[in-house]
Undergrad: 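Next up is a structure, given as structure tokens.
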Amino acid sequence: MGKTLVLRYAAFGDWLYAMPTMRALFDKGEEVYLHTNTKGYQIFQKDDRLKELTWFEAFHLPKEHQAPAVEGVWNALFERIRPDTILHLSNTIEGSGLAGRENPKHWNLSLK
């Protein structure tokens, strides 16, 4: 059993994609620390399987302050928790896993 820090800033629907991953971590016996936004907090606030639940709303800050603020929060988490694994789930499906209209050559590819 190890310590896994899960990072996920997401909307309610986006959490549907991440739920199987969370369940797999719990089933594996991982000590799960979840850092999320308010929506993730609302979903997991009563989940006693989590070792710790923290949240931060970066998108309420001016755009130019978001990245430095998130970096500071995450660095503090890394330093305090000292996780064995960091699982960064933010922007995974939206940012790299889905074919967008800006790249139409991917629209006819198989799911594989």
Side-chain angles (χ1 to χ4, degrees):
M1 178 167 78
K3 288 185 192 177
T4 298
L5 173 60
V6 178
L7 305 169
R8 177 75 172 149
Y9 296 141
F12 293 119
D14 296 333
W15 267 110
L16 293 175
Y17 292 106
M19 287 300 184
T21 301
M22 296 298 290
R23 181 177 23 218
L25 291 170
F26 295 134
D27 289 350
K28 189 176 160 187
E30 285 293 305
E31 195 173 281
V32 180
Y33 296 76
L34 174 60
H35 178 72
T36 186
N37 57 356
T38 304
K39 291 177 180 164
Y41 173 78
Q42 291 170 343
I43 292 169
F44 285 98
Q45 65 184 332
K46 296 185 186 223
D47 194 327
D48 59 0
R49 298 173 296 177
L50 291 170
K51 180 73 175 175
E52 181 179 280
L53 173 62
T54 58
W55 70 98
F56 180 67
E57 280 299 336
F59 300 116
H60 289 166
L61 298 172
K63 183 108 175 131
E64 64 274 11
H65 297 294
Q66 292 174 5
V70 168
E71 184 177 345
V73 169
W74 288 4
N75 283 336
L77 287 168
F78 304 154
E79 197 60 33
R80 183 174 54 76
I81 297 169
R82 303 260 184 217
D84 300 308
T85 305
I86 298 169
L87 186 56
H88 185 300
L89 296 178
S90 293
N91 294 322
T92 50
I93 294 172
E94 307 90 337
S96 61
L98 295 177
R101 294 200 181 275
E102 66 279 354
N103 200 347
K105 69 180 181 179
H106 296 298
W107 282 88
N108 293 320
L109 296 175
S110 70
L111 291 176
K112 184 177 179 185

Undergrad: Only counting residues at least two apart or in another chain, list the ones meeting salt bridge (Lys or Arg N to Asp or Glu O under 4.0 Å) with Arg23.
TA: none
Undergrad: Is it true that atom CD of Glu71 has more than 12 heavy atoms of other residues, nucleotides or ligands lying nearer than 6.0 Å?
TA: no
Undergrad: Which distance, rounded to the nearest 0.5 Å, do you find between the CH2 of Trp74 and the NE2 of His35?
TA: 7.0 Å
Undergrad: Distance-only, no hydrogens or angles: does the Asn75 side chain make a donor-acceptor pair with backbone N or O of Phe78 under 3.5 Å?
TA: no
Undergrad: Testing the basics here: between Ala58 and Val70, what is the closest heavy-atom pair and its distance to 0.1 Å?
TA: CB-CG2, 3.4 Å
Undergrad: With a 4.5 Å heavy-atom cut-off, do Phe59 and Thr38 have their side chains touching?
TA: no
Undergrad: From Ile86 CD1 over to Leu7 CG, what is the distance, rounded to the nearest 0.5 angstrom?
TA: 6.5 Å
Undergrad: How long is the straight-line distance from OH of Tyr33 back to CZ of Arg82, given to the nearest 0.5 Å?
TA: 12.5 Å
Undergrad: Excluding sequence neighbours, so at least two apart, what forms salt bridge (Lys or Arg N to Asp or Glu O under 4.0 Å) with Glu52?
TA: Arg80
Undergrad: To the nearest 0.5 Å, what is the distance between CG (Leu34) and CG (Leu77)?
TA: 10.5 Å
Undergrad: Rounded to the nearest 0.5 Å, what separation is found between the CD1 atom of Ile43 and the CG atom of Leu53?
TA: 10.5 Å
Undergrad: Shortest non-hydrogen contact from Gly2 to Asp84?
TA: CA-OD2, 3.3 Å
Undergrad: Within the structure provided, determine whether Leu25 and Leu87 are in side-chain contact (heavy-atom separation under 4.5 Å).
TA: yes
Undergrad: Of Phe12, Trp55, Phe44, which meets side-chain contact (heavy atoms from CB on, under 4.5 Å) against Lys39?
TA: Phe12
Undergrad: State, yes or no, whether a side-chain contact exists between Arg49 and Val32 at a heavy-atom distance under 4.5 Å.
TA: no
Undergrad: Going from CE on Met22 to CH2 on Trp15, what distance comes out if it is rounded to the nearest 0.5 angstrom?
TA: 5.0 Å
Undergrad: State, with a plain yes or no, whether a side-chain heavy atom of Val6 is found less than 4.5 Å away from one of Glu30.
TA: no
Undergrad: Can you give me the closest heavy-atom contact between Ala10 and Arg8, atom names plus distance?
TA: CB-NE, 3.4 Å
